[in-house]
Structure formats: C-alpha cells, structure tokens
There are 2 protein chains.
Amino acid sequence: MSKHLVEIVVIEDEEDILELLEYHLSKAGYAVTGFLSTDRVEQFLEEESPALMIVDRNLPGVEGSDFVAYLRELGYSTPVIFLTAKDQEEDLVEGFRAGGDDYMTKPFSYKELLMRIEALLRRSGALSNDKVKYRDMLLEPRQQRLTIAGTPIELSRLEFKLLLTFVKNPKQVLDRDFLRDEVWGDNTPDFNEKTINVAINRLKKKIDPTGDKDYIVPVRGIGYKLS
Amino acid sequence: MSKHLVEIVVIEDEEDILELLEYHLSKAGYAVTGFLSTDRVEQFLEEESPALMIVDRNLPGVEGSDFVAYLRELGYSTPVIFLTAKDQEEDLVEGFRAGGDDYMTKPFSYKELLMRIEALLRRSGALSNDKVKYRDMLLEPRQQRLTIAGTPIELSRLEFKLLLTFVKNPKQVLDRDFLRDEVWGDNTPDFNEKTINVAINRLKKKIDPTGDKDYIVPVRGIGYKLS
DNA sequence: CCGCATTGTAATCGTTTTGTAACCAAAGAG
DNA sequence: CTCTTTGGTTACAAAACGATTACAATGCGG
C-alpha cells in the first residue's frame, strides 16, 4: 500500500509458509518483504529499516540464529521473532542468546503471532501507544498522523488538532465557542467568524474528498458534530 | 549484561509458586520484590521503578490483565510478562491487549522464563551498545565515529550527539523540546529557536550531501524524524 | 597569543499554512 | 416565493516555519 506503513521482513525458506505469512501480515496492515534465504537481507537492511523481522531457524546454508547474531554484531537492533519447528529448550536458548526478542514454535497460531508482533512493536517504539480510532479513521497524536481505512492522509497541525477534538468528542454537537477555545485557544481576540468554516472546509476536503462519508456535519446555528 | 541491581516485581497469589519464582530470579542475580496481590503494587510503583514485572493472570479480586491495563492507563510502561494457567487463545489476546509484553503458560520452564526476561530487558533497557547500525550508517559512540556505507564521515561532537538521538529513536517524531533536552541539555536558558534548524542543516549536509537519502525529514510544526 | 574548528545568532528566502474577505448556495421564517 | 440568515467556496494576503547563508562568538590546541 504505502511506505507509511510498518514494514516487516520475513525470512522463511518454505515457500508455502512464507506466502501464508505474507498473506496474514499484509491483511493485518503491515508492509511485508519476504526472503527465502538470508542472501539478500543484509543488503536490504542497508537501504531500508524494517520495524521487525520474523526469522526461521532452519534456513538454507545458515542457521537463523547465527544470522541474527551476525546482524547484532554489525550493530543492527531490529526486533526479531524466531519461528521454528525446533522446540527443544536448548534451541530456544540459542535463539535468545543470538539476540532474538521472541520465539514461537511451529505450528503456531497466527492470532498469537500478530499479538506478539504488536507487543514487540509497541515496546520497540515503532507503534505509538496513544491511538484514537473513530470509524475508519485512526489518529496518532504524537506522530500527528492520520490513516483512513489504512491510507495515510497528510494533515496540517491545525487540521489535525481540529479533527482530534471532534474524535475526542464524537457524536456531540460542538458549538463554535467550544471549537475556538479548544483549537485556537481562548485568548484569541477579534476572532473572525468564518475562520472555523474555512478550517472545517479544508479538513473535510482532505479526509473526505468525494463528500460521501459525512464525517463532520453542520448543525445550523450551533456548530458541527462528528457522526 | 550486568544483572546487578536490576529490579523485578512478581505478583503471584500462589505462595509456593511465588517463592519458587523469587528463588530462581534471585539466583539469576535479580533483585526481586514479591506480592501476593495487587494491593500494594501501585503504591510500590510510585516509589520504585522496577525494570520488569511478572504478573499472574489469576489474582484475588482483580484480573492480572485488568490491573496491567490500569497501570498502562496511569502511564506506567514497565515491561510485563504474564504467567497463567489459562492457555486459551482469547486469554492470551486479552493479556496482550492489556499491554503485556510476553505471555507464558504454566507449567513453564524457568530457563525459558529467564531467557524471555533477559530479552525483554535488553529490548526495553538502555542497551549501551558500542555499535549502532541504521540503514547504511554505522555509529560507534565510544569513538564518536560514523561510517556511511563504509566511508568514514567526520562529525563534530554536537552533530554526532544529534544523529545518535535520532538513531536511538528511529521513525519517531522528535519534537523540538525533546531534541533540546536530549542534545543541548534542559538547563539552557534563552535557547534560540533556530539553533536546531541550523544544527540539523549542518548534519544533513555531512551525512547526505546530495540530499537523496532522506535520513532526517522535517515534520512541520513539531520537529524532525529519522525515516 | 594565534589559528582553526565548532557552535550560536541574525538576516533572508521560499514554501506551506492559516486568516480574511468577497461571493455563492442552502435552509428556514414569514 | 422572497428575504434573511448561516454555512460553503474560492481567491488572495499575511503569518509561520524551515532552509540557507553569512557572520560573530566560543573553545581548543599549538
């Protein structure tokens, strides 16, 4: 979809499993890059900086854990989840010693994998912990980022602040005075009547260009509300 | 990694399991504080800040996950490993949703628990690595040296410190206040607004003279981020 | 002390964002 | 239906902000 999404690298030599992983991760909204071996991965890391790597232990040529240990040696600290059929304790220990963050044995639940991915992304700071969702809109105040149905939308600071106050007070009619205080600040003298109109207008054009989503609707004589 | 002084909190209502945990963790070199219920934990967190918490799901009165969710709500981001007899998928999902970092079902191997603890500490703690690699940049803080794609680049003290804070917080938007505190120190009075701009500018010119790598990108009205 | 690198400050430029004003369209009251 | 009121739309001006450059201040090694 887009480069704004969280990027995950999967290294897995069994092609059908790799495809299944790619399918599940893409569906969950991640940008996935798959590798059948470690051959091109180092080169890839020189150019991109994925948020997480899922690495099979059994890879052609190299042990997955040796490869991760090598990356750690180089200085990469990308979070790693090992996937493996090996469930012996010493294999697991080897994985963690190599610098892995988590370890799952096959067969595993995809739901659980997704949960562990999310937890690790949260911990490593790749995901913002404060998110506000409303319908298909996802706002991340710290990053000042908005995605609608997965598509990133660029908003200016004012526009974001405005949308955020609506999302924080959903379904309520926000009168013009409230919006002025909340978004522009209460110390603003000679505040132009139409400033709000124009700001709302610009916001609407960005979050709903076709105008059929009806996020923000006017309430005549009072203000606006998010429906 | 020095395990000295690393403080771990264990919340477990079954007294014998708690003792066993305390035994194993102490033996591994951690300072352990055990609780039989969540009652005193919040008060404890106000005074101390443990590096990690091990929390049983089944606690008298409160669900362990609810308690962790409550702590997260309060703003505590202490790493959490859940311990539980519950191995249903939805229980696990609930644990992660509450803000847990890892999840182990009883009976579990102590060796594995210790590995997971260490991995989580590594990930969450300030790992003072002597090498940090990000894309094709390699920073060596000890020697204050930078190489990009193998080529050494000369950076001044300030420039290095600035780049290091970006590499340590990749993909996150660092606002001007954060950068000021982190790089210049928080005790700087009458800090010129443009100082950051100029410093970033000089840094960019050195690490990306042609300007096509896009390491550091501005986020208008907030600050900058490393992409 | 001098010379050099480093860092801060100020001025200027260009772009983006935001405010203002004029005009258009729609809703409601009579 | 017409008039009034209020919101929508557009164009333009002002302001905010980052980039860039030049220059001054600072610090450090000789």
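Protein chains get the first letters and strands the later ones, always in sequence-line order, with residue 1 at the start of each. Everything numeric in this text was worked out from a predicted model, so none of it was measured.
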Any base atoms under 4.0 Å from A:Y224, or only sugar-phosphate, or nothing? Heavy atoms, all strands. sugar-phosphate
Between A:F35 and A:F44, is the ring centre distance below 6.0 Å? yes
Only one of B:R122, B:R123, B:R72 passes salt bridge (Lys or Arg N to Asp or Glu O under 4.0 Å) with B:D101; say which it is. B:R72
Toward the 5' end of DNA chain D, which comes first, B:K194 or A:N201, by nearest nucleotide? A:N201
For A:I196 and A:W184, what are the C-alpha separation, side-chain angles and deciding distance, and is it a side chain to side chain contact (heavy atoms under 4.5 Å, CB included)? CA-CA 9 Å; A:I196 292 180; A:W184 280 266; 3.9 Å; yes
I want to check one thing: is the phosphate of D:dT10, taken as OP1 and OP2, less than 4.0 Å away from some side-chain N or O of A:K205? yes
Grab the CD-C1' distance between A:E193 and D:dG8 for me, whole Å please. 14 Å
Protein-nucleotide distance (A:E159, atom CD; C:dT16, atom P), rounded to Å: 14 Å
Relative to the ring of A:Y110, is the ring of A:F108 parallel (under 30°), tilted (30 to 60°) or perpendicular (over 60°)? perpendicular
Atom NZ of B:K225 and atom C1' of D:dG18 are separated, to the nearest Å, by 17 Å
Taking it one step at a time, do B:Y30 and B:L121 satisfy side chain to side chain contact (heavy atoms under 4.5 Å, CB included)? CA-CA 12 Å; B:Y30 297 110; B:L121 289 176; 3.6 Å; yes
How many whole angstroms separate atom CZ of A:R220 from atom P of D:dG8? 10 Å
Just how far, in rounded Å, is C1' of D:dT6 from CG of A:L179? 16 Å
In whole Å, what is the span from the CG atom of B:N197 to the C1' atom of C:dA10? 13 Å
Near A:E73 CD, under 6.0 Å, is it more than 12 heavy atoms from other residues, nucleotides or ligands? no
B:L203 CG to D:dT20 C1': how many Å, rounded? 15 Å
Would you say A:T195 places a side-chain N or O within less than 4.0 Å of OP1 or OP2 belonging to C:dT20? yes
Report the C-alpha distance between A:K171 and A:K225 in whole Å, list the side-chain angles of each, state the deciding distance to 0.1 Å, and finish with yes or no for side chain to side chain contact (heavy atoms under 4.5 Å, CB included). CA-CA 6 Å; A:K171 298 207 170 94; A:K225 73 165 180 173; 5.9 Å; no
Sorted by position of nearest nucleotide on DNA chain D, 5' first, the leading residue of A:G221 and A:R202 is A:G221
So, OP1 or OP2 of C:dT7: does either fall under 4.0 Å of a side-chain N or O from B:W184? no
Of the candidates D:dA16, C:dT20, D:dA19, the side chain of B:P218 sits closest to D:dA19
Rounded to the nearest angstrom, tell me the gap between atom CG in A:N192 and atom P in C:dT20. 5 Å
Using OP1 and OP2 only, check whether a side-chain N or O of A:R157 sits under 4.0 Å from C:dT16. no
For the helix from C:dC1-D:dG30 to C:dG30-D:dC1, what is the angle between the axes at its two ends, each from 5 pairs, rounded to 10°? 30°
